[in-house]
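Down below is the structure, laid out as structure tokens.
Just so we're clear, the structure is a prediction, and the values are computed from it rather than from any experiment. Note on naming: letters A, B, ... go to the chains in the order of the sequence lines (proteins, then strands), and numbering restarts at 1 for each one.
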There are 2 protein chains.
Amino acid sequence: MKKLKKYKEQEFIDRGYQYFMRHISVDCVIFGFHENQLKVLLLKWKDLQQWCLPGGFVYKDEHIDLSARRILTERTGLDNIFLKQFYAFGDPNREWSKRKNVPLNLKKGSWLMERFVTIGYWALVEFSKVKPAPDELSDECRWWDVNRIPKLVLDHNNIIEKALESLRINLNDYPVGNTLLPDKFTMPELQQLYETILDKKLDRRNFQKKMIALDIFQRLNERKHGGAHKAPYLYKFNQKKYQKAMKQGLRFGF
Amino acid sequence: MKKLKKYKEQEFIDRGYQYFMRHISVDCVIFGFHENQLKVLLLKWKDLQQWCLPGGFVYKDEHIDLSARRILTERTGLDNIFLKQFYAFGDPNREWSKRKNVPLNLKKGSWLMERFVTIGYWALVEFSKVKPAPDELSDECRWWDVNRIPKLVLDHNNIIEKALESLRINLNDYPVGNTLLPDKFTMPELQQLYETILDKKLDRRNFQKKMIALDIFQRLNERKHGGAHKAPYLYKFNQKKYQKAMKQGLRFGF
DNA sequence: CCAAAAGTGTTGCCTTTACACCCATGT
DNA sequence: ACATGGGTGTAAAGGCAACACTTTTGG
């Protein structure tokens with residue numbers, strides 16, 4: 001696979017289509033969880049000074065899933081991330097030439113000015129392990145509270161909406177706890193995570209019972225101190241039991 | 001939108017990329033239900049003599065959903081079809097130049113020989129209303145039992161697999177009965193439909209109760225005669241109640 | 001009249017929901 | 001000490017699976 005060196009920005013703008021497929025891009029909605037808030041990782045374009053999703057293009061001989069993974073690794077420093085393709089956005093208005101403000105001084109006729117169909121992925125990462133890194137075209141990369149996203153570039157707000165929707169629908173089948181929380185966590189924290197994603201309150205007592213009945217957690221002889229009031233137990237995922245249960249079609253019940 | 005006239009086949013092969021986006025295609029898995037079997041509509045290539053999914057390309061200014069709809073209408077004669085985008089297939093092996101047998105006498109360098117990412121849609125249609133019609137490149141278009149699909153072109157078998165999977169997952173939320181069955185139908189027929197899609201037996205009595213409890217059907221003063229034994233009642237969807245229930249998040253319970 | 005399929009009802013179980021009680025901790 | 005959040009238990013409600021019985025039809 002011919003790869004484009006990072007520093008050759010003008011080469012990318014002028015002749016990127018020799019390396020990448022035209023008309024196809026990949027955008028990633030990277031979810032994290034911190035201070036009881038669901039977060040999304042965004043980038044700020046150098047020239048537009050507007051925020052956008054981390055995204056990129058697909059090398060001519062690269063699987064689209066791999067493109068998404070490549071982008072994720074570049075932005076977060078992590079590999080082996082939980083990743084799901086959720087939707088292809090194919091509105092013909094998805095092109096810069098139909099916008100007033102255009103990045104990179106793009107000229108009419110550039111391959112980047114043409115219409116793109118973007119494949120949307122969402123990813124679940126452990127907030128504390130991420131080292132947000134801007135790419136060559138952006139000067140900032142940071143977390144945003146999912147409820148306070150600014151007006152983004154193109155249709156990226158819509159992409160986040162759809163990603164959230166997909167995340168909610170898949171909450172039953174996917175290990176959001178295992179991927180979004182740190183290694184050790186408390187039941188109230190896990191509950192907060194579900195409540196945030198579902199955007200509704202759950203009964204504390206029933207939640208615990210339900211989770212523990214799944215028999216995929218391991219309670220440690222350790223409590224989380226520091227907060228006021230009674231210190232809650234810390235839990236780990238019992239990865240062995242958890243993997244087994246997933247194979248048998250575990251459902252979390254949401 | 002510049003449209004390509006049908007008869008200009010050579011023009012399409014040589015310069016189709018002037019009308020359509022490169023690297024992007026749309027494939028439709030059209031489901032029908034007949035004689036208690038789930039069916040899929042397939043086409044046979046004129047030259048390859050191999051079967052494939054109905055598919056096509058996306059005009060440069062056309063929404064991908066509309067491309068899918070266009071293809072559906074051309075093949076089935078129906079519009080207003082229930083349609084769902086379910087997955088984007090982005091394996092780099094999806095290209096003819098990596099195959100032994102190539103259709104249309106395509107030469108190296110042709111835009112059609114390049115790699116395509118295809119957006120998969122599935123559609124639910126009423127079997128009896130469909131008039132299967134081959135396109136310009138195929139000489140046959142007919143229904144195949146979903147359990148007896150032959151070896152198809154490229155990764156089209158895999159696309160059908162994924163479509164079925166998606167259909168099963170969405171069985172809870174989507175009106176498979178309303179779209180796959182004729183206007184009037186019996187409960188045993190509806191049950192057969194669910195059993196076929198889910199590939200498992202359901203209890204006749206519990207099924208009826210559950211369905212009727214949804215309060216979206218209207219029982220007619222009419223029975224389905226002709227079969228041996230007791231004649232079952234005919235039902236219609238009460239579209240008003242049904243639409244209302246769907247908006248409120250009706251779940252069928254599968 | 002009989003076999004097979006269709007319509008209706010009942011029961012018991014198990015999951016979910018609601019809520020009561022006690023315990024621990026920092027202020 | 002006390003307000004607040006955390007851990008555990010129980011009882012009622014509702015949904016679902018299992019099964020019995022009657023009715024209808026073509027042969």
Roughly, in whole Å, what's the span from [atom1] in [X] to [atom2] in [N]?
X: B/Lys224; N: C/dA5; atom1: NZ; atom2: P; value: 16 Å
X: A/Asn172; N: C/dT16; atom1: CG; atom2: P; value: 10 Å
X: B/Met187; N: D/dT23; atom1: CE; atom2: P; value: 22 Å
X: B/Phe185; N: C/dA6; atom1: CZ; atom2: C1'; value: 16 Å
X: B/Lys230; N: D/dG26; atom1: NZ; atom2: P; value: 13 Å
X: A/His225; N: C/dT27; atom1: NE2; atom2: C1'; value: 17 Å
X: A/Glu195; N: D/dG5; atom1: CD; atom2: C1'; value: 13 Å
X: B/Arg251; N: D/dG15; atom1: CZ; atom2: C1'; value: 15 Å

Worksheet item: Base, sugar-phosphate alone, or nothing: which one does A/Gly227 contact when heavy atoms must sit under 4.0 Å apart?
Response: sugar-phosphate
Item to complete: Could you list by number each residue of residues 197-215 of chain A showing a heavy-atom separation from DNA chain C of less than 4.0 Å, or answer none if no residue does?
Response: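 DNA chain C contact set from residues 197-215 of chain A: A/Asp203, A/Arg205, A/Asn206, A/Lys209.
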Discussion item. Determine whether the aromatic ring centres of residues B/Phe237 and B/Phe185 are separated by less than 6.0 angstrom.
Written reply: yes
Fill in: Axial cation check for B/Phe254 ring with B/Lys210, 6.0 Å and 45° limits
yes
Item to complete: Among D/dA3, D/dG6, D/dT25, find the nucleotide with the atom closest to the side chain of A/His229.
Response: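 Taking heavy atoms from C-beta onward, the closest nucleotide is D/dA3.
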Practice prompt. Map A/Arg219 and B/Gly226 onto DNA chain D by nearest heavy atom, then report which one ends up closer to the 5' terminus.
Written response: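 By nearest-heavy-atom nucleotide position, the 5'-most residue is A/Arg219.
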Discussion item. Consider side chain to side chain contact (heavy atoms under 4.5 Å, CB included). Of A/Ile71, A/Ile119, A/Ile81, which one does A/Cys28 pass it with?
Written reply: A/Ile71
Practice prompt. Specify the closest pair of heavy atoms between B/Arg251 and B/Leu214, including all atoms of both residues, with the distance to one decimal.
Written response: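 What the structure gives for the nearest pair is O-CD2, 3.8 Å.
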Worksheet item: Would you say A/Gln191's side chain and A/Leu202's backbone share a donor-acceptor pair under 3.5 angstrom?
Response: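 Pair found, side chain donor or acceptor close to backbone of A/Leu202.
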Discussion item. Between B/Asn238 (side chain only) and B/Phe217 (backbone N and O only), is there a donor and an acceptor less than 3.5 Å apart?
Written reply: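 No, the answer is negative, given that no donor and acceptor are paired below the 3.5 Å cut-off.
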Discussion item. We want to know whether A/Gln239 and A/Asn178 form a side-chain donor-acceptor pair, criterion being a heavy-atom distance below 3.5 angstrom.
Written reply: yes
